Structures are given as C-alpha cells and as structure tokens.
Amino acid sequence: MVDFNFSVFSAAPEAADEDTALTDLLAAAIGRAPAPERWRTGRAGMWCTVAPDGAPHRPQGWKLHVTATPAAAPEILRRCLEVLLQAGSAFKFAATTDYVAALNARNTPRGHSGKFVTVYPESDDEAVRLAAALHEATAGLPGPRILSDRPYATDSLVHYRYGAFTEDRRLTNDGFYAWMIIDPDGNPVEDRRIGRYTPPPWVTCPFPDNGMRVTRPEGGSRKDIVIGGRFAVENAIRHTNKGGVYRAVDVRSGDAMVLKEARPHVAADMEGRDTRDRLRAEARALERLQGRRLAPRSAGLFPQNGHLFLAQEMIPGTPLREWTADSIRDAGWGPHLAPALGMARRLADLMIEAHAAGLVLRDFNPNNVMVRPDGTPVLIDLELAAVDGGDEDVPLRAGTPAFSAPEQFGGAPPHATADYYSLGATLCYVLTGGPPHFMEEHPRPRPLTRRLTEWLAARTQGLDLPESLRAVLVELMADDPGRRCTPARARSVLASCAPSPVPPQARRAGTARRHAAGEDADPGEDAPEWLREACEQTVKGITGQLLAAMEPESPQALWPMSCAHGAPDPCSLQHGAAGCTGALVRYMRHTGDPRLPDASATASRWMLDRLRDGTRRPSGLYFGTAGAAWALLDAGLALGDEGLAEEAVAVAEALPAAAPGPDVTHGTAGIGLTALHLWARTGRPLFAERALAAADALAASVEEGPDGLVWRTPAHVESKLAGKSYYGFAHGIAGVGYFLLACAEATGRAEHRELAVRVGDGLLDAAVVTPRSAMWGAGTGDPPTAPYWCHGASGIGTFLVRLGAATGEERFLRAADLSARAVTEQSWRSVLGQCHGLAGNGDFLLDMADLTGDARHRAAAWRLARIIIADGAHRDGGIVLPDERGDVSTSWGEGLSGVLAFLVRLRYGAERLWMADAAPAPGAAGDAVAGAAVRGSAP
C-alpha cells in the first residue's frame, strides 16, 4: 500500500453528515471495475486514498495532479476514475466538494493549492501515459492552475512535479516537519512545495514539451514586463493564491499604479463565480465612485494570458490598521483619543458618502481603508461591494472576521445595515487598537450587545471615552440588523465628542497612572472580587476546552495544531503537547480538579510514545525534546508517578549539553535552563554538570562586536536563525543572559554572573529610552518592536529585573521598570498569547510584582487579564479565545494553553513556567559544583 504523503493543509475531521457525493462516485466506479475486490480505500483527514493490491512502494518520482472547481469536481473525478481504475494506479482525492473549495480558496498556501486528485505512477513511462489519458479525459472542464507544478499542456487540468510518494517527513533544526526526497548520492533533500515549479536539479523531465517549457530570457527581470500594453511592473506587493498585487507605472502618463491580478477558477463557488468576478465587482464599484475621491481612480480591466487584471491609481499613505497602531504608540494611551476621534468622524463620513453613491461595501475594515498623508481615509479592495438594490450576482458568506456582520457570514443578501456593523467594529479598532473578535458561541450564545459592552469596558480602561460614544458603538453593532443606528447618527454623536481639555502632558501622566493601576483595581490589592471570579470561570472554561480537544487516539497530534508556521513537532512546547500538558499540570497542582490526573497521565504517555518512535528531534526547549522532558517530569512529580518521572529524567539525560544555536527556544540556553530545572527538581548532580557545560559553551562562543556582546546561530546551520543575532528573550542575548544568571545563582560561578552583567549593560546601551518607557529593536539597527516576550521589552525586562534583583544594581531595576511601563502603555495591543501577546506580558508584570514588591505591577497584570477574559467565547461548556489570526489554537506560544498558564499564576500564585527560578534541591549545589570542577565542565 502506498504510504500517501499528506499535505500540511489543515482540515476539519470527517463529520457524520458530511457530503458523500465524491466518495459515492468512487464506490460506484469500483463496483463496475474488473476485480473490484483488489481495490483498497481509506480515509486520512481530507483525503480519500485508493490503491490496488500489490501497489509498489515507490518512494519518489514524477507525480500527477488534477485540478478542479467545486462545481466541476464530481464530473472531473468520474472521468479520472475511468482512467485510473483501468490503469490500476494508486491515487488520492479530496473527499468532499467543501475540501475542494478549501484547496482552491483565495488564501490557501500557494504551494498546496488546487490539488484535487494526486496520482502516484509506477514509473516515468506510466506517468507520461496517464498524463496524456487524464488530459484527454478532462479537457474542457474548469479548474485553477496548480502553481507548484507544470501544466501538461496549455489549459490542461493535469499537472506534474517531481516529489515524494511516501511520507518521509523529518523534523528540521527549527522544529517543523519537512517532506524529504533522496538525491542521487543518498542524501535527504527537502521536497519543497512553493508557488512555482522547481524540480530537483538532477531529474530529467519525461513529459512532452507541449509548449510549456518557457523560460525568461537571460538577464530579464520583472521590470521588463509591460502588461495591458501600458503598465510596466516594478515589483510585487504580495502574492496570494488568488493572484498577485503589483506596483507598476503607467507608461503613457508616468503615474504610479497598482495592478491587481485574478487567477481563473480560484475561489470558485458552485455557480462558477471566482476571483475574476470579484475583481469585476471592484471595477464596477470604482467606476461608481469615480470623481468622488473616496477610492482609487480606475484605469480599467484587461486580460493577460488568461488572467484578469485591474489597474488603479496608487494611493499614497498608510493602511488604517497601521495608522491606528502608530497613532496610539506615538501619542500614548489617552492622548491618542483626539486623533482617533477625528479619524472616526472621517470614517463615518466615508461610509455615508459611499452609501450615497449607491454602494453596499460589505468589507469595510482597517485593512481596506488607506489613510492619505493629509489624514483622509480612502476605500480600497472593494471586491465584495454591491450596488444597493442591484441584481448583480455577488458572493455571499464572505467578509473579514471581527469586522463583518454575523448575518453576512450566514449568507444574507447585501444590505447597508451590515455595513453599519462594520463601521462600528472599525471604530472600536480605531479607538482601542483591538479588533472586536466575537467568535461564534454555542449552544446558547450570549447577546452580542452584552459581549460588546463587556469588551468595551475592558478595552477602554483608563480611557476617557464619552458614554454617548460607547452607546453608539453598541447601537451600530446591535444583534438585530434592523435596530442598528445609521452612520449619520454615529457621525452626529462623534461631532459632539471632544477630548478632555486637560493639557496633554498632564492628561498623559494621569491616564498612564490609571492605565498602570487598572480600572476598579486598588494598587495595594490584587483585584476586585468580580474580576477574580471571572478569572476563575475563564480558567475553568479554557481547561474544559483543552480537555475536550484532546485526541489521545490520534497518531498525528494530541491537540489540534495550527499549521500557519508549518507542520510542528506534536510534542513540542511551543506548538504541541508539552505546552498544553505543562499548563494543565500547573492548574491541577493548584485546584485538584479531578479531571486532570487522568488527562495529564494520558498526555504524558502519548508524548513518551512519540519520543520513543525513533524520530530525530532537535534538542531545544521550545521546539525540541528538552521542553517535552520538562513537561513530563513536572507531570510525573505532580501525579506522584515515580515511573513517569524516571522516564522523563531518562529523556533529559539523553540531551546534549549544547546545541548549534545559543538561544532559549532552540539552542544551548534553553537546554541549560532544562538542566537547571531538572537539577532543582531531582537533585541529580548530572544536571548541574550539564547546566555548567551549557554555560561554559556559551561563554566560549560569545562574540565581542562593535555594539557589545553577540551570540548567533552559525551561518552553516540549516535554520531560519542562521547567521542572525537578536536582543530579545526567545532568540537573543536577553535569554542567554538570563540562563547565565540563573546558572550563576544556582552554582555560584562568578564568571557566569559577570558575563550576565555584561549582557545587561549591552542591553541598556541598545535601549531606546524615554521618560515613559524603554524599548528595543529586534537587533542592531532595527526600530523598536512591540514590547513582547519573543522580541521586545517584555522578554528583555524579564531578564533585567532578575539581574537587578540578583546584583542589587539600580540601573537594571530602573530599566526593568521602564520596560514594564512600555508593556503597560501598550496593553491596547490585541494579540493575547504568550509569545507576542498579553499573556506573556502579564507574566512579566507578575515577575515585576514578585521581585520588586511593587503592587502596581500586579494590578496592571489584572488589567491585561480583564482584556483577555472579555475576548472569550463560550462553546459547549468551554471557553475559546482568538489567536493571532482570529482562529482558535491550543498552543502555548499563541493559543489557549499559554493564556491558561498566565491566568492560573495570576489567580493562584506560582513561579513562572519554563523558567529556572527555583533553587536547587537542598544539599545538591555544593556537591554538584564540586563534582563538575573535578571532572571539568566543557561540553
């Protein structure tokens, strides 16, 4: 049986009421085929697999793909079945038309899109024969071009590429799976699936030319391309599955232009409408708005090589999403309200004028508004716009999550009241910096008005937002479309709103103090009782969701994993089972929830089974085996399971003392932190020796640069981090400095403390300091980043406050306090998770409270918790929260488990997870350090 190679495309599990039209076609075709008993079929996620008995185990070769639109998929499959069953070939296909639609969606990864049927020929000759037969059988039917492949012929649905047949996945040094093929010398090479045809250099194409082997003339570039007879392409702004967006120059006028491309049959619906129809709709909308300065000037639609292009003037300026972030960051929370109110009035006017022109916009959101340098907002990306009362055929069930009205996603026909909702959501964003993600709730959804009221109260803590404006935002986004207020009423209320007359400097200081303390929170106390209760309910709800989402029978992943960054190691801390297990064990230790011992034991055994399967894993803390060992040990100790704890120790003992990279997430610093943790929990001298070896390896690999100490992943290492150096905690010198300090505190090794102090001083030199905050760029010469754990003030402050506490040096404590102010002043940022969000920032504020004794930091952490809690949606007894893309993720880095750990720590008190702050086991330190001195501690 061919071991089919599964895509990283994320699909829902098979449902009981799933459409069976395509699988019914297969069953009928096999029933008619000679010797039907020889065929074996199966189901793996979105794929239906089909292979005859005795199918060869060919590991790689020329594979075929057949594309299809959802509407044409049944007929295309029927014709393919006639060819493939007759030939006795192994193949797979997307099992439902919904999966076909997902494969063809506008933003499906370009390397995976369009592949409805995949065929695994027995030989190159077989591949050529099947390609010809399938091309003839499917001629004239519709389907999108497969970008990773070469078409068999012009307009053919059949495509080919050289790649893996069997699922030979291997974990990279960065902790993500890559599909591999073997080169002629026997070396594994990544089978890359990208948005262009890239065969390995050692293969020879066996297929006939058919006019498809066209290459760009030597020395040519995109700047040589003139399309539509007048538009010279300069560069690509972005590429997506639906087509590119390009900067261009009109050679007739010299004007700067934007060209938007629509590929045929992408995002096609059951009526045959695709991205080209959306582009035509945008052209109609621009024509209707022509001369009003509400949208770009259109230069017309034109076809090019079967694709459709729309040319429109380039609007100088900034997307509203960026304008809002810049405004709040530059003015400060509170003072930003004056420019935000001015922009809100202009946005209401913009919608009023668009409606007066007879348009229903249907996708009004901060990404689809451009702000000119003079502050004037302009509509862009009008692909979903419809003429009010018109009869044109427009796609329904479309929009932007958090900004489009619920009834629009339910398939309601275009109506201006849906735009009212979008205006309200966009104004919420402009005023608060956060998108109002009201994720679906069931079985008993709370009224949207109630959820929005709670969300506004949380998001506007410390902000002097007029009550009349709060009320109009709620009215704009009312549950009942018929009860929503009009943009004209919103404009009238906005006209009456004015920022406080208090001088800006005094207002900034006052709002900063309120913002730091948190509304309703006394800086001397933890939080009001109602907020503590809400936190407990959210913790219980997230825990229930994590328990419900566990799939112990799944061989691929214990918890559903986001594939946004690739296919991650299912045992890892950052994206997999270790992070979820660590958070659940932490909750179990504090509450004794009777559901958790069995769940923790199940998760631990699931991880151990995978750790024993022979897979080569990187060794790092967040993306490798070290994090799994840490989580397993904590589970074993919490459960009182000595056997599990010993197995965790055995996993940790097999780790190296150092890794090619230096950092906390992938490299030596994270391995050293793991060793310190295991030493503290077990008292075993081996782990003290490992920690010292890791510290010595880092001391030996440090570089003295013009801007201070530098650690970097060597350039020859296959990693996205290769050759780079950073300041932050996850990948940079702050994390390395923290490990060196923790090791020095545990072992008394003065040289490691001295090196940590030098790291701290280097970070102070690199800081961008104002009277209000300290910020850092990702690395030398970079502008300041958002103050997060990964890169930025939250993670760097995590190190500096510990360095200040350990050394008593005021300069480090002062910088840590300025880092906390940066975190507090930018708590309006919307992401909720640990790595780039409020949960990680909240953990840092708790560090500040614990290490300095300053209660205002704990109050600020409660303020962040209130924002997180207000974003929760109730589902079947659980609570879910939006991740960075507005989806639900269980992961530590961006999803539910990282948020759970912060809220448990805030509510019940505990040390921070995945940090080596605990002291070594009693009596172990001296013996271990002495032993290491005798044996030497080089890695």
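Predicted, not measured: the structure shown is a model, and the values here were computed from it.
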- prompt: Can R397 be said to sit on top of F409's aromatic six-ring, NZ or CZ under 6.0 Å from centre and within 45° of the ring axis?
  reply: no

Residue E553 excluded, over 12 heavy atoms near CD under 6.0 Å: no

field: Atom CD of E190 with >12 non-hydrogen neighbours under 6.0 angstrom
entry: yes

message: Any heavy-atom pair between the side chains of R145 and P264 that's under 4.5 Å?
response: no

query: Pick from D381, D363, N367: which one makes a side-chain hydrogen bond (donor to acceptor under 3.5 Å, both in side chains) with T400?
result: D363

field: Salt-bridge criterion met for D53 and R38 (N-O under 4.0 Å)
entry: no

message: So M212 and T154, do their side chains get closer than 4.5 Å, heavy atoms only?
response: yes

message: Angle between ring planes, H575 versus F176, binned at 30° and 60°: parallel, tilted or perpendicular?
response: tilted

- prompt: Does a salt bridge link E894 with R885, judged by any charged N lying under 4.0 Å from a carboxylate O?
  reply: yes

field: Pair E551-L558, side chain to side chain contact (heavy atoms under 4.5 Å, CB included): steps then yes or no
entry: CA-CA 5 Å; E551 299 180 25; L558 182 57; 5.6 Å; no

message: Can you classify the ring geometry of F302 versus F231 as parallel (below 30°), tilted (30 to 60°) or perpendicular (above 60°)?
response: parallel

query: Can you name the residues that form a salt bridge (charged side-chain N to carboxylate O under 4.0 Å, His left out) with E75, not counting sequence neighbours?
result: R78, R79

- request: Would you mind reporting whether I380 and P296 have side-chain heavy atoms less than 4.5 Å apart?
  value: yes

Close aromatic pair by centroid cut-off 6.0 Å: H239 and Y246: yes

query: Is the number of heavy atoms from other residues, nucleotides or ligands under 6.0 Å of D155 CG greater than 12?
result: no

field: Side-chain heavy-atom pair L157, I76 within 4.5 angstrom cut-off
entry: yes

message: Between E287 and R284, does any NZ, NE, NH1 or NH2 come within less than 4.0 Å of an OD or OE carboxylate oxygen?
response: no

field: Ion pair K260/E383, N-O distance below 4.0 Å
entry: yes

task: Report yes or no: is the cationic atom of R161 (NZ for Lys, CZ for Arg) closer than 6.0 Å to the six-membered ring centre of W62, at no more than 45° off its axis?
output: no

